[in-house]
Amino acid sequence: MKKILSLIEIIVVYLLLSFNTNAKETKYFVEGLNYFEKENFLESKIHFERDIVFNPKNEMSYLYLAKIFNKEKKDEEEEIHLNNVLLINPNNDEAIYMLINLKIKQYDFDQAKQLIEKFDLVCNSLCSKKNELKEKLNKLTPKNEKNNN
């Protein structure tokens, strides 16, 4: 009988601890979002990073970190976080859209074309941006590359 009570106590403690952990990760993300909206990117970044510690599969924290690094013009960090988003959810159209723009900015036209093709297949909320991306890519693609394709 004592073993059963001990087991029940362990389960209750575990459930309480896991509930507190979930409350913290939600709290960190929400606070990060609030700071992001106020354009306090340093505090926002700290809260999104904390959220990732407690929930490494939260694609939205990675996405907002990418947005912060985009505003800070830190392309390498932005790309890392966008790739993390796409590892968790390969169909995240906002991350694909941001990565296409980054690849165009980096003159990586082949990668941008591949991402645009993927974007065509998975876009949900940003489908209206497809033509904008294609036009931007066509304007920047060297003429000899256009003729080869």
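In this text, all values refer to a predicted model and were calculated from it rather than measured experimentally. Every heavy atom of this structure was used, including side-chain atoms; hydrogens, water molecules and symmetry mates were not. Each residue takes its place number in the sequence, starting with 1.
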Engineer: Would you name the heavy atoms of I52 and S61 that are closest together and state the gap between them?
Structural biologist: CG1-CB, 3.6 Å
Engineer: Grouping I, L, V, M, F, W and Y whenever their side-chain heavy atoms are under 4.5 Å apart, do L102 and Y107 come out in a common cluster?
Structural biologist: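 As far as the 4.5 Å side-chain criterion goes, Y107 and L102 are connected within one cluster.
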Engineer: Check whether the ring centres of F48 and Y28 lie less than 6.0 Å apart, and answer yes or no.
Structural biologist: no
Engineer: State, to 0.1 Å, how close I104 and A112 come at their nearest heavy-atom pair, and which atoms those are.
Structural biologist: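 That would be CG1-CB, 3.8 Å.
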Engineer: Rounded to the nearest 0.5 Å, how far apart are CD1 of I116 and NZ of K113?
Structural biologist: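 Reported value, rounded in 0.5 Å steps: 9.0 Å.
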Engineer: Taking all heavy atoms of V122 and all of I96, pick out the closest pair and write down the distance.
Structural biologist: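 In terms of heavy atoms, the two residues are closest at CG2-CD1, 3.5 Å.
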Engineer: Looking only at heavy atoms, what is the nearest atom pair of G32 and S44, with distance?
Structural biologist: O-OG, 2.9 Å
Engineer: Has the side chain of N83 got a donor or acceptor atom that lies under 3.5 Å from a matching backbone atom of E79?
Structural biologist: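 Yes; at least one donor-acceptor contact below 3.5 Å.
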Engineer: Taking a hydrophobic cluster as the set of Ile, Leu, Val, Met, Phe, Trp and Tyr residues connected by side-chain heavy atoms closer than 4.5 Å, whether directly or through intermediates, do I46 and F36 fall within one such cluster?
Structural biologist: no
Engineer: Please round to the nearest 0.5 Å and tell me the distance separating atom CZ of F109 and atom CD of Q106.
Structural biologist: 11.0 Å
Engineer: Hey, are the side chains of D51 and M60 touching, using non-hydrogen atoms and a 4.5 Å cut-off?
Structural biologist: no
Engineer: Would you please classify the geometry between the H81 ring and the F69 ring as parallel, tilted or perpendicular, with 30° and 60° separating the classes?
Structural biologist: parallel
Engineer: Nearest 0.5 Å, please: how far is CG in L86 from OH in Y62?
Structural biologist: 12.5 Å
Engineer: What is the minimum heavy-atom distance between F119 and I100, and which atoms define it?
Structural biologist: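 Closest approach of F119 to I100, heavy atoms only: CB-CD1, 3.9 Å.
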Engineer: Closest approach of A66 and E78, non-hydrogen atoms and distance?
Structural biologist: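 So the minimum-distance heavy-atom pair works out to O-CG, 3.5 Å.
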Engineer: To the nearest 0.5 Å, how far apart are CG in L115 and CG in L99?
Structural biologist: 5.0 Å
Engineer: What distance separates N84 CG from N58 CG, expressed to the nearest 0.5 Å?
Structural biologist: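 If we round to the nearest 0.5 Å, N84:CG and N58:CG are 12.0 Å apart.
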Engineer: Is it true that L33 and L42 fall in one hydrophobic cluster, defined by side-chain heavy atoms closer than 4.5 Å?
Structural biologist: no
Engineer: If you group Ile, Leu, Val, Met, Phe, Trp and Tyr by side-chain heavy-atom gaps below 4.5 Å, do V53 and Y35 land in one group?
Structural biologist: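 V53 and Y35: separate clusters.
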Engineer: Any side-chain heavy-atom pair from D75 and N70 closer than 4.5 angstrom?
Structural biologist: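 Answer no - side chains too far apart.
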Engineer: Between CZ of F29 and CG of N34, what distance do you get to the nearest 0.5 Å?
Structural biologist: 10.0 Å
Engineer: For residues 52-73, which residue pairs pass the salt bridge (Lys or Arg N to Asp or Glu O under 4.0 Å) check, not counting sequence neighbours?
Structural biologist: K45-E72, K67-E94, E72-K74
